[in-house]
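Take a look at the structure set out below.
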Amino acid sequence: MLSIPKMRVILAVAGLCLAAAWPALADHKHGATKIQVATPWVRASIGQAPNTAAYMLISNMGTKADKLVAGATPVAKKVEIHEHVMDGNIARMREVSGIPVAAGVTAALKPGGYHVMIMGLKQPLKDGDTMPLTLTFETAGEITLEVPVMKKAPKGMTDMKMDHKGMGGHKH
Ligand SMILES: [Cu+2]
(Lines give C-alpha, C1' and ligand atoms only; values in the text may rest on other atoms or scores of the structure.)
Protein backbone atom coordinates (compact mmCIF):
# COMPACT_ATOMS: atom_id res chain seq x y z
CA MET A 1 0.00 0.00 0.00
CA LEU A 2 1.28 3.37 -0.94
CA SER A 3 0.73 6.02 1.61
CA ILE A 4 -1.24 9.02 0.54
CA PRO A 5 1.22 11.88 0.32
CA LYS A 6 0.41 14.70 2.62
CA MET A 7 0.63 18.09 1.06
CA ARG A 8 2.97 20.00 3.19
CA VAL A 9 3.13 23.70 3.03
CA ILE A 10 6.34 24.77 4.52
CA LEU A 11 6.43 28.37 5.52
CA ALA A 12 9.62 30.22 5.61
CA VAL A 13 10.35 30.77 9.24
CA ALA A 14 13.03 32.67 11.03
CA GLY A 15 15.96 30.45 11.71
CA LEU A 16 16.00 28.73 8.34
CA CYS A 17 19.47 28.04 7.18
CA LEU A 18 19.99 29.52 3.79
CA ALA A 19 22.58 27.55 1.96
CA ALA A 20 25.05 28.99 -0.42
CA ALA A 21 24.98 27.64 -3.94
CA TRP A 22 26.67 24.37 -4.78
CA PRO A 23 29.41 23.31 -4.20
CA ALA A 24 29.23 24.96 -0.79
CA LEU A 25 27.78 22.83 1.95
CA ALA A 26 24.56 23.51 3.71
CA ASP A 27 25.56 23.11 7.28
CA HIS A 28 22.81 22.74 9.78
CA LYS A 29 23.01 22.11 13.49
CA HIS A 30 20.07 21.27 15.66
CA GLY A 31 20.77 19.66 18.98
CA ALA A 32 22.30 16.28 18.41
CA THR A 33 21.87 16.15 14.66
CA LYS A 34 24.05 17.87 12.20
CA ILE A 35 23.02 17.49 8.60
CA GLN A 36 25.12 18.54 5.64
CA VAL A 37 23.85 18.61 2.08
CA ALA A 38 26.45 18.56 -0.68
CA THR A 39 26.31 18.78 -4.49
CA PRO A 40 22.58 19.26 -4.86
CA TRP A 41 21.30 19.46 -8.45
CA VAL A 42 17.97 19.19 -10.17
CA ARG A 43 17.57 17.96 -13.71
CA ALA A 44 16.38 20.54 -16.22
CA SER A 45 12.84 19.76 -17.32
CA ILE A 46 12.18 18.68 -20.88
CA GLY A 47 9.71 20.79 -22.83
CA GLN A 48 6.53 21.15 -20.85
CA ALA A 49 7.17 18.04 -18.75
CA PRO A 50 5.58 18.66 -15.34
CA ASN A 51 7.99 16.58 -13.29
CA THR A 52 11.68 16.31 -12.61
CA ALA A 53 13.97 15.08 -9.88
CA ALA A 54 16.61 16.51 -7.56
CA TYR A 55 19.69 14.70 -6.27
CA MET A 56 22.30 15.36 -3.58
CA LEU A 57 24.46 13.85 -0.89
CA ILE A 58 23.11 14.09 2.64
CA SER A 59 25.58 13.55 5.46
CA ASN A 60 24.71 13.14 9.09
CA MET A 61 27.67 14.46 11.06
CA GLY A 62 25.81 14.16 14.34
CA THR A 63 25.39 11.35 16.82
CA LYS A 64 21.70 10.61 16.26
CA ALA A 65 19.96 9.03 13.31
CA ASP A 66 17.84 11.35 11.22
CA LYS A 67 15.51 11.00 8.27
CA LEU A 68 14.59 13.15 5.30
CA VAL A 69 10.80 13.10 5.39
CA ALA A 70 9.52 15.87 3.13
CA GLY A 71 10.36 18.66 0.75
CA ALA A 72 8.81 21.77 -0.73
CA THR A 73 9.63 24.28 -3.44
CA PRO A 74 7.82 27.39 -4.59
CA VAL A 75 8.37 26.36 -8.25
CA ALA A 76 6.22 23.21 -8.13
CA LYS A 77 2.93 22.06 -6.67
CA LYS A 78 4.30 19.10 -4.83
CA VAL A 79 7.51 17.44 -3.67
CA GLU A 80 7.75 13.76 -2.83
CA ILE A 81 10.56 11.49 -1.66
CA HIS A 82 10.98 8.65 -4.14
CA GLU A 83 13.08 5.62 -4.84
CA HIS A 84 13.64 3.69 -8.01
CA VAL A 85 13.10 -0.01 -8.00
CA MET A 86 13.70 -2.45 -10.81
CA ASP A 87 10.66 -4.36 -11.96
CA GLY A 88 12.25 -6.88 -14.30
CA ASN A 89 14.22 -4.53 -16.50
CA ILE A 90 11.84 -1.64 -16.11
CA ALA A 91 12.78 1.05 -13.61
CA ARG A 92 9.84 2.28 -11.64
CA MET A 93 9.54 4.96 -9.05
CA ARG A 94 7.64 4.83 -5.84
CA GLU A 95 7.08 7.14 -2.98
CA VAL A 96 8.79 6.29 0.31
CA SER A 97 8.11 7.60 3.79
CA GLY A 98 11.59 9.06 3.93
CA ILE A 99 15.30 8.50 3.48
CA PRO A 100 17.09 7.37 6.64
CA VAL A 101 20.43 8.99 7.36
CA ALA A 102 22.11 7.22 10.26
CA ALA A 103 24.71 9.00 12.37
CA GLY A 104 28.01 9.23 10.52
CA VAL A 105 26.46 8.13 7.25
CA THR A 106 26.11 9.84 3.87
CA ALA A 107 22.96 9.02 1.94
CA ALA A 108 23.34 9.38 -1.81
CA LEU A 109 20.36 10.62 -3.77
CA LYS A 110 21.27 9.86 -7.36
CA PRO A 111 19.78 8.90 -10.70
CA GLY A 112 18.44 5.37 -10.45
CA GLY A 113 18.06 5.51 -6.67
CA TYR A 114 16.59 7.78 -4.06
CA HIS A 115 15.53 11.18 -5.32
CA VAL A 116 13.46 14.20 -4.43
CA MET A 117 10.61 14.26 -6.93
CA ILE A 118 9.52 17.69 -8.08
CA MET A 119 5.94 17.40 -9.33
CA GLY A 120 3.72 19.89 -11.10
CA LEU A 121 6.28 22.46 -12.19
CA LYS A 122 4.78 25.91 -12.54
CA GLN A 123 7.29 26.69 -15.28
CA PRO A 124 10.08 24.78 -17.02
CA LEU A 125 13.40 24.50 -15.16
CA LYS A 126 16.24 25.53 -17.44
CA ASP A 127 19.88 24.59 -17.35
CA GLY A 128 21.72 27.27 -15.40
CA ASP A 129 18.73 28.32 -13.27
CA THR A 130 18.48 27.61 -9.57
CA MET A 131 15.53 26.24 -7.65
CA PRO A 132 14.89 26.90 -3.95
CA LEU A 133 14.23 23.64 -2.12
CA THR A 134 13.30 23.18 1.51
CA LEU A 135 14.02 19.76 2.96
CA THR A 136 12.43 18.63 6.20
CA PHE A 137 14.30 16.25 8.46
CA GLU A 138 12.66 14.42 11.32
CA THR A 139 15.14 15.75 13.87
CA ALA A 140 17.17 18.49 12.20
CA GLY A 141 14.08 20.30 10.95
CA GLU A 142 14.09 22.37 7.80
CA ILE A 143 17.03 23.11 5.54
CA THR A 144 16.60 25.37 2.54
CA LEU A 145 18.95 25.16 -0.43
CA GLU A 146 19.35 26.87 -3.76
CA VAL A 147 19.65 23.93 -6.11
CA PRO A 148 21.38 24.43 -9.47
CA VAL A 149 19.43 23.22 -12.49
CA MET A 150 21.56 21.00 -14.74
CA LYS A 151 20.95 19.11 -17.94
CA LYS A 152 23.24 16.28 -16.94
CA ALA A 153 24.62 14.86 -13.73
CA PRO A 154 27.67 16.73 -12.47
CA LYS A 155 31.05 15.16 -13.15
CA GLY A 156 31.78 12.19 -10.97
CA MET A 157 28.14 11.24 -10.54
CA THR A 158 26.75 8.41 -12.62
CA ASP A 159 23.86 9.45 -14.73
CA MET A 160 20.88 7.41 -15.77
CA LYS A 161 18.10 8.98 -17.74
CA MET A 162 14.82 8.02 -16.21
CA ASP A 163 11.56 8.07 -18.03
CA HIS A 164 9.35 10.14 -15.81
CA LYS A 165 6.57 10.25 -18.38
CA GLY A 166 4.71 7.15 -17.38
CA MET A 167 5.28 7.67 -13.67
CA GLY A 168 5.29 3.88 -13.52
CA GLY A 169 4.02 2.48 -10.30
CA HIS A 170 2.68 5.77 -9.08
CA LYS A 171 -0.81 5.76 -7.76
CA HIS A 172 -1.90 8.95 -6.17
CU1 LIG B 1 10.31 9.97 -8.80
Side-chain angles (χ1 to χ4, degrees), residues 1-10 19 22 26 35 37-60 66-102 105-138 140 142-154 156-172:
M1 272 268 281
L2 289 168
S3 62
I4 295 158
K6 278 179 231 122
M7 272 299 274
R8 287 165 202 261
V9 179
I10 294 166
W22 180 78
I35 295 291
V37 179
T39 62
W41 64 285
V42 57
R43 193 185 298 280
S45 57
I46 300 155
Q48 295 302 311
N51 304 324
T52 188
Y55 310 97
M56 65 203 73
L57 297 174
I58 300 171
S59 300
N60 183 347
D66 209 338
K67 192 176 179 185
L68 172 64
V69 290
T73 176
V75 306
K77 287 188 198 131
K78 196 155 114 179
V79 173
E80 291 182 357
I81 312 298
H82 282 187
E83 68 175 348
H84 270 118
V85 284
M86 291 308 288
D87 180 1
N89 54 3
I90 300 164
R92 295 182 187 281
M93 303 189 299
R94 68 174 176 215
E95 192 184 11
V96 291
S97 64
I99 299 172
V101 195
V105 161
T106 295
L109 280 63
K110 56 182 188 202
Y114 282 126
H115 55 282
V116 176
M117 195 79 199
I118 312 296
M119 304 171 84
L121 285 171
K122 294 171 186 168
Q123 60 186 62
L125 286 182
K126 294 196 197 88
D127 193 38
D129 289 351
T130 61
M131 177 192 82
L133 177 66
T134 299
L135 301 173
T136 303
F137 290 86
E138 218 164 54
E142 291 179 0
I143 298 176
T144 298
L145 318 161
E146 277 297 326
V147 182
V149 180
M150 298 184 183
K151 246 191 267 181
K152 279 191 219 156
M157 191 180 282
T158 32
D159 208 345
M160 184 177 170
K161 269 261 169 73
M162 300 307 309
D163 182 8
H164 283 134
K165 264 185 290 180
M167 298 293 289
H170 279 223
K171 287 187 188 87
H172 290 146

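This one's a predicted model, so the numbers in the text were calculated from it and none came from an experiment. Atoms considered below: every heavy atom in the structure, side chains included; atoms not considered: hydrogens, waters and symmetry mates. Indexing begins at 1, ligand by ligand and atom by atom, following the structure's order.
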Of all N, O or S atoms in His115, the one closest to the Cu ion (ligand 1) is NE2
Residue set satisfying side chain to side chain donor-acceptor pair (under 3.5 Å) with Asp127, at least two apart, ordered chain then number -> none
Query - Metal site the Cu ion (ligand 1): N/O/S of His82 inside 2.8 Å - result: yes
Q. Got an N, O or S from Asn51 under 2.8 Å of the Cu ion (ligand 1)?
A. no
Hits for side chain to side chain donor-acceptor pair (under 3.5 Å) against Ser45, two or more places apart or cross-chain, chain-then-number order -> none
| task | For the residue pair Ile143 and Thr134, establish whether any side-chain heavy-atom pair is separated by less than 4.5 Å. | result | no
Aromatic ring pairing Trp41/Tyr55, orientation class (parallel under 30°, perpendicular over 60°, tilted between): tilted
